[in-house]
Structures are given as C-alpha cells and as structure tokens.
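One structure below.
Lettering follows sequence order; numbering is per chain, from 1.
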There are 2 protein chains.
Amino acid sequence: MHSIDVLCQQLRAQGRRITPQRRAIIQALLEDGSHPTAEQIYTRVRKGMPDLSQATVYNTLHELVEVGILAELDLGLGERRYDITTTAHAHMVCLGCGQIYDVHYDCNKLALSLEHVNGFQILDCAVILRGYCANCTPELN
Amino acid sequence: MHSIDVLCQQLRAQGRRITPQRRAIIQALLEDGSHPTAEQIYTRVRKGMPDLSQATVYNTLHELVEVGILAELDLGLGERRYDITTTAHAHMVCLGCGQIYDVHYDCNKLALSLEHVNGFQILDCAVILRGYCANCTPELN
DNA sequence: ATCCCTGCAAAGCCTTTGCAATGCA
DNA sequence: TGCATTGCAAAGGCTTTGCAGGGAT
C-alpha cells in the first residue's frame with residue numbers, strides 16, 4: 001500500500017502542485033478500496049471539505065491516472081470506477097449485490113500470449129467477469 | 001453467420017413482434033461487422049428508412065441483447081458497441097486508429113479457470129486489450 | 001381487437017468545459 | 001509573482017423515458 005506522502009511526491013515530481021483538495025482525494029482513494037465512482041469520492045471528501053467541486057474531483061482523478069498512480073475502470077456499469085491498487089488484476093462484478101471484487105489474475109500473462117499473434121502491440125489488458133459472488137449465488141437446490 | 005430470417009424467428013419465439021424497423025436494424029448489424037455504435041446503426045438504417053427514431057434503435061438493440069442474439073460491448077470509449085458475432089472472443093482497441101479488432105481467444109476457458117476460486121459463479125467474461133494494431137504501431141526504428 | 005411498438009421530444013446521468021478568483025511554488 | 005488549480009454553472013454526449021398514435025398478430 002502506498003502512503004499518501006509518497007503519492008504526493010510522485011505528483012510533485014511530475015510538476016504538479018499539491019493542494020489540500022488533491023491530498024484529500026488521494027486520502028479518500030486510499031481509504032475506500034471498494035472501487036468507488038467519482039461521485040462517491042466527491043461525497044466522501046466533501047464531508048470534510050464542503051466547498052469541493054465535482055470538477056476538481058474529475059480533474060484530480062484524471063491527473064492521477066495520467067501519472068500512473070490510479071487505474072480507471074470501465075466495467076460497463078454506466079460510470080467509471082477508480083482503483084488505487086497497484087498490481088494488475090481482473091475484476092468481477094456481482095450481478096446480485098453490485099459489488100466489485102478483485103480477482104488475482106495476471107493480465108500481463110494473457111497479453112503476452114496474445115501479443116504478436118496479430119501483429120498487435122498490446123499495452124494494456126482488462127478482464128471483467130460478471131456473475132454472482134458467494135453471498136449472492138442463486139439458490140441451487 | 002446467422003441469416004436474418006433465423007434471427008427474426010428467434011425474436012418471434014420469444015414473443016416479440018417483427019417490424020420493418022427491427023428487420024432493418026438486424027440487417028444493418030449483419031452487414032456492419034465493425035462493432036458499430038447505436039448512432040452508427042441509426043445513421044445506416046435511416047438511409048433507407050428516414051423516419052426511424054433513435055429510441056427504436058436503442059429499444060431493438062436492448063431487445064436483441066436480452067434474447068441473446070447480440071453482444072453489447074463497453075470498451076471504455078464512452079459509448080456502447082454492438083457485435084452480432086456469435087462466438088465469444090476478446091476485443092482489441094487500437095489507440096492509433098480507434099478500430100476494434102476481434103481476437104480469437106476463448107474467454108470461457110479463462111472463466112472456468114477462475115471459477116470457484118473465490119466461490120464465484122461466473123456467467124460472462126470480457127477481455128479488452130488496448131494497444132496498437134499492425135498499421136499503427138509507432139515507428140520502432 | 002389487443003396491446004406491443006414506434007416516433008417525437010424532453011429529461012436524465014455522468015462527464016467536460018469556460019472563466020474569473022484563488023493559492024501553491 | 002506567475003501560472004496551475006479551484007469552484008461554479010452551463011453545456012455536452014449518450015441513453016432513457018413518457019406518451020399518444022399506429023401497426024403486427
């Protein structure tokens with residue numbers, strides 16, 4: 001797990017400024033590991049910073065993605081989700097409770113196996129699983 | 001490749017009605033294998049059916065997805081894309097030209113290997129690769 | 001004849017943008 | 001001090017919805 005100070009250093013190293021808003025947003029991302037949406041981050045940070053604007057949240061999230069600190073997930077749910085976990089992994093969307101689970105799976109291995117097959121240069125690989133988690137598995141009598 | 005008549009039968013078998021609009025939309029999906037957006041289907045069908053409305057396109061696409069004839073792809077590009085190809089496969093988004101390529105890869109194999117690992121019941125699996133296609137590979141001198 | 005489906009237009013949701021004021025470096 | 005960053009509000013893109021008329025079965 002990264003510390004907030006290390007992450008701020010990385011931002012600064014890229015020539016970006018550290019503002020209270022950005023610190024708070026990063027803090028929120030570190031605290032909320034449930035793949036939150038921009039809206040959820042906004043709501044969470046606003047509790048301690050009522051003047052925060054949505055634009056700032058979107059700005060900061062994009063920035064963190066650019067710097068490579070944050071992963072942006074589009075799971076086909078209508079809004080983007082954010083994941084500050086560093087290692088690449090697959091995601092599983094539970095159709096019952098809507099929760100998103102991390103699945104340990106090395107996407108790079110998959111990317112490598114597909115690389116060059118078609119002359120592609122693969123930079124990134126996303127794996128999204130849909131189904132039911134243990135709690136939501138429909139009663140299979 | 002499915003024929004339009006077989007597909008219409010499948011629709012009818014589900015208790016849905018066959019309208020000229022639906023036939024035309026299915027036809028367009030069969031003709032355009034480039035993973036078109038709803039907008040692209042709308043534009044294409046409207047050439048021969050100027051009164052077609054967007055609502056009907058969205059309606060029909062959802063319906064075809066429900067019946068299982070059509071796959072809906074959310075590739076993180078801002079809009080949904082549709083694919084009437086029957087076999088499960090991965091998708092590769094070229095960051096250069098924006099084109100979307102089919103990649104032969106058995107997602108079910110992946111799903112099976114991950115199943116039960118976490119007590120999940122996996123119904124569906126999407127694999128999205130991002131990178132550059134052969135034509136767009138940045139000059140690697 | 002039923003009621004599903006269509007077209008139109010408005011609304012909805014998430015995200016982006018413009019601009020003046022603010023504050024970090 | 002200079003310029004990136006902020007907040008506000010409006011606009012934008014894609015999709016959904018409500019409703020009355022029309023068409024498939």
Problem set entry | Rounded interatomic separation in angstrom, taking CZ from B/R12 and P from D/dG23 | 18 Å
Exercise. Roughly, in whole Å, what's the span from CD1 in A/I25 to C1' in D/dT6?
Worked result: 11 Å
Problem set entry | Contacting residues from residues 57-74 of chain A, given that a heavy atom lies under 4.0 angstrom of DNA chain D | A/N59, A/E63
For this session: Return yes if a side-chain donor-acceptor contact under 3.5 Å exists between B/E31 and B/Q27, otherwise no.
Result: yes
Problem set entry | Whole-Å distance separating the CG atom of A/L11 from the P atom of D/dA4 | 15 Å
For this session: Verify the distance criterion only: is there a donor paired with an acceptor across the side chains of B/D5 and B/S3 at less than 3.5 Å?
Result: no
For this session: Return the residues of residues 40-51 of chain B meeting this criterion: a heavy atom under 4.0 Å from some atom of DNA chain D. Order them by number, or give none.
Result: none
Problem set entry | Near-strand residues of residues 14-21 of chain A, defined as heavy-atom separation under 4.0 angstrom from DNA chain C | A/R17, A/I18, A/P20
Problem set entry | Pairwise side-chain contact, B/L129 with A/L123, heavy-atom cut-off 4.5 Å (strictly under) | no
Exercise. Closest approach of A/L29 and A/I84, non-hydrogen atoms and distance?
Worked result: O-CG2, 3.7 Å
Exercise. Within the structure, does a side-chain N or O atom of B/R22 lie under 4.0 Å from either OP1 or OP2 of D/dG23?
Worked result: no
Problem set entry | Nucleotide interval of DNA chain C bounded by contacts with chain B (heavy-atom cut-off, under 4.0 Å) | C/dC3 to C/dC8
Exercise. What are the two closest non-hydrogen atoms of A/D74 and B/G76, and how far apart are they?
Worked result: OD2-CA, 3.2 Å
Problem set entry | Pairs flagged by ring-ring contact (aromatic ring centres under 6.0 Å, His included) wherever residues 30-88 of chain B is involved - sequence neighbours left out | B/H35-B/H91
Exercise. Starting at CD of B/E79 and ending at C1' of D/dG12, how long is that distance when rounded to a whole Å?
Worked result: 14 Å
Seminar exercise, completed: Tightest non-hydrogen contact, residues A/M92 and A/C133, listed as CE-N, 3.7 Å
For this session: Just report the end-to-end axis angle for the helix from C/dA1-D/dT25 to C/dA25-D/dT1, five pairs per end, to 10 degrees.
Result: 40°
Exercise. Which residues satisfy the side-chain hydrogen bond (donor to acceptor under 3.5 Å, both in side chains) test with B/S53, sequence neighbours excluded?
Worked result: B/T56
For this session: Between A/L52 and B/Q54, just flag the one whose closest nucleotide in DNA chain D comes earlier from the 5' side.
Result: A/L52
For this session: Please write out which residues are connected to B/I100 in a hydrophobic cluster, directly or through intermediates, given that two of Ile, Leu, Val, Met, Phe, Trp, Tyr count as joined at side-chain heavy-atom separations below 4.5 angstrom.
Result: A/L73, A/L75, A/L77, A/V93, A/I100, A/I128, B/L73, B/L75, B/L77, B/V93, B/I128
For this session: Could I get the full list of side-chain hydrogen bond (donor to acceptor under 3.5 Å, both in side chains) partners for A/R16, not counting sequence neighbours?
Result: A/E63, A/E66
For this session: Could you tell me if the ring centre of A/F120 sits under 6.0 Å from that of B/Y132?
Result: no
For this session: Kindly say whether B/L95 contributes a backbone atom to a donor-acceptor pair with the side chain of B/R130 at under 3.5 angstrom?
Result: no
Problem set entry | Residues in side-chain contact (heavy atoms from CB on, under 4.5 Å) contact with A/T37, at least two apart in sequence or another chain | A/E39, A/Q40, A/E79, A/R81
Exercise. How do A/A55 and B/R81 order along DNA chain D: which one's closest nucleotide is nearer the 5' end?
Worked result: A/A55
Seminar exercise, completed: Those residues at least two apart in sequence (or on a different chain) that pass side-chain contact (heavy atoms from CB on, under 4.5 Å) with A/N59 are none
For this session: Using side-chain contact (heavy atoms from CB on, under 4.5 Å) as the criterion, list what pairs up with B/R12, not counting sequence neighbours.
Result: B/Q9, B/I18
Exercise. So which heavy atom on A/V57 is nearest to which on A/A38, and how close?
Worked result: CG1-O, 3.7 Å
